[in-house]
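Comments concern the structure below.
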Amino acid sequence: MKIALLAGDGIGLEIMTEARKVLDAFSLPDVAYAEADVGGTAYRRHGHPLPPETLEVAKNADAVLFGAVGDPACDNLERHLRPEQAILGLRQALGLFANLRPATMFPGLESMSALRPEIARTIDLLIVRELNGDVYFGEKAIRTLDDGRRQGFDFMSYAEDEVRRIAHVGFRAAQGRGKRLTSVDKANVLETSQLWRDVVIEVAAEYPDVELSHMYVDNAAMQLVRNPGQFDVVVTGNLFGDILSDEASMLAGSIGMLPSASLDANGKGLYEPIHGSAPDIAGQDKANPLATILSAAMMFRYTFARADVADRIERAVRGVLGQGLRTGDIALPGESVVGTRAMGDAVLAALRGA
Ligand code: IPM
Ligand code: MG
């Protein structure tokens, strides 16, 4: 197992340290780690957010565990030098087209949700977001029109094979869960979405056991708040998935709890918490390491086919939450709070006890 550890910026280093402790607890026989700089940290040390050495390390690994990138000090750099470009570059260079973002409610965190606890309790969904296409990677520029006005544009497109391969991921994920798939698009306005919908319907013929429905993205945003329990697996494009997955994470209580996987066609993956680099609390032992630890669990499940290890990590996380341990982001006013390291240590202790 070759694992690249890319900690990145802000709280990245602290949360990665805790995830690494958890990995080490398994004393896996054939594991090799390689670390590399990424994001603003890499820009400062090497002049680029995704230096060639880092890309090499990521390419040579079976899986990448990623912390977070983003640094306000870099906000005024040219776009291609900003920390966020590292994650976009890795997704593209490694062909990571399938982004799995589960949103589940952890018992005990219901009152952290923006929703009433009885509604929040019903959240158990998986967003399958396409990650290599759409308006993210189309031609884009700010140009000056003949009459002198500036115009910004970003070309939105999906080719049918791109839709087909992510649709398969969505249907297979649904087969492994509640057998319901909601495809989210904007087919009432966008031609890109009309093709998306047509292709998803074609692919559905191969999955007669999965119940397929379609939803416009605006309605989906509303339904997620109104009745999130209706969703099992949601498959959608890059931009809509970006927005809906942030929404879903907040409904589930804290963005500090949710892991994600970005997979290529062969099971190689990049695993990262869906939260950002939180520069405001960096270096203060305040960050919640659980999303990164849960991302490591996903790595065992999807890349290394070790569901046993993944289950144990996930059980340990539920265990520490059950004991009432809370970092600041998941604590109610007045509840006592533990630091990043103490939370990591508690997960370790729960693992050893399990
Ligand atoms: C995400 C992030 C990225 C995205 C940014 C940092 C480019 O928001 O992973 O959801 O938009 O995909
Ligand atoms: Mg996002």
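Numbers here simply count residues along the sequence, with the first being 1. Reckoned from all heavy atoms, side chains included, excluding hydrogens, waters and symmetry mates.
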| message | I'd like to check Leu90 versus Leu55 (side-chain heavy atoms, cut-off strictly below 4.5 Å). Are they in contact? | response | yes
### Task
Take atom CD of Gln194 as the centre, draw a 6.0 Å sphere, and report whether it contains more than 12 heavy atoms from other residues, nucleotides or ligands.
yes
| said: Any salt bridge linking Glu160 with Arg164? Criterion: basic side-chain nitrogen under 4.0 Å from a carboxylate oxygen. | reply: yes
Within-4.5 Å side-chain heavy-atom neighbours: Val235 and Val169: no
Applying side chain to side chain donor-acceptor pair (under 3.5 Å) to Gln323 and not counting sequence neighbours gives none
(Q) Under a plain distance cut-off of 3.5 Å, with no hydrogens placed, do Gln92 and Asn132 share a side-chain donor-acceptor pair? (A) no
Short N-O contact, Arg165 and Asp161, less than 4.0 angstrom | no
Atom pairs and distances, donor-acceptor, side-chain atoms in residues 276-288, under 3.5 Å, two or more places apart:
unit_1: Ser277; atom_1: OG; unit_2: Gly70; atom_2: O; d: 2.7
unit_1: Gln284; atom_1: OE1; unit_2: Lys286; atom_2: NZ; d: 3.1
unit_1: Gln284; atom_1: NE2; unit_2: Asp280; atom_2: O; d: 3.1
unit_1: Asp285; atom_1: OD1; unit_2: Thr340; atom_2: N; d: 3.1
unit_1: Asp285; atom_1: OD1; unit_2: Arg341; atom_2: N; d: 3.0
unit_1: Asn288; atom_1: OD1; unit_2: Leu290; atom_2: N; d: 2.9
unit_1: Asn288; atom_1: ND2; unit_2: Gly256; atom_2: O; d: 3.2
unit_1: Asn288; atom_1: ND2; unit_2: Thr327; atom_2: OG1; d: 3.4
unit_1: Asn288; atom_1: ND2; unit_2: Asp329; atom_2: OD2; d: 3.0

Exercise. When you check the gap from the basic side-chain N to the acidic O, do Asp124 and Arg177 get nearer than 4.0 Å?
Worked result: yes
Using a strict 4.0 Å threshold on nitrogen-to-oxygen distance, state whether Glu247 and Arg101 make a salt bridge. no
Q | Heavy-atom side-chain proximity of Phe304 to Val309 below 4.5 angstrom | A | no
Donor-acceptor pair between His214 and Asp185 side chains, under 3.5 angstrom | no
Salt-bridge criterion met for Asp232 and Arg180 (N-O under 4.0 Å): no
Q: Tell me yes or no: between the side chains of Gln223 and Asn219, is some donor less than 3.5 Å from an acceptor?
A: yes
Assess the side chains of Tyr271 and Thr303: does a donor N or O sit below 3.5 Å from an acceptor N or O? yes
### Query
Any salt bridge between Lys59 and Glu56, counting N to O under 4.0 Å?
no
Exercise. Taking only Lys NZ, Arg NE, NH1 and NH2, and the carboxylate oxygens of Asp or Glu, determine whether Asp218 and Lys186 approach each other closer than 4.0 Å.
Key: yes
Next on the checklist: Check Lys2 with Asp62, please: is the shortest side-chain N to carboxylate O separation under 4.0 Å?
Outcome noted: no
So CE of Met16 and CD1 of Ile293: to nearest 0.5 Å the spacing works out to 11.5 Å
Of Glu314, Met298, Glu272, the one forming a side chain to side chain contact (heavy atoms under 4.5 Å, CB included) with Pro259 is Met298
For the CD atom on Glu211, are there more than 12 heavy atoms of other groups (residues, nucleotides or ligands in this structure) within a distance under 6.0 Å?
no
Rounded to the nearest 0.5 Å, the CG atom of Leu50 sits from the CD atom of Glu84 at a distance of 13.0 Å
Taking the six-membered ring of Phe153 as reference, does the NZ or CZ atom of Arg143 fall below 6.0 Å from its centre and within a 45° cone about the axis? yes
Distance to the ring centre below 6.0 angstrom and angle to the axis at most 45 degrees; does that hold for Arg129 and Tyr136?
yes
Quick check: do Leu100 and Leu263 have side-chain heavy atoms less than 4.5 Å from each other? yes
TODO: Classify the ring geometry between His48 and His80 as parallel (under 30°), tilted (30 to 60°) or perpendicular (over 60°).
DONE: tilted
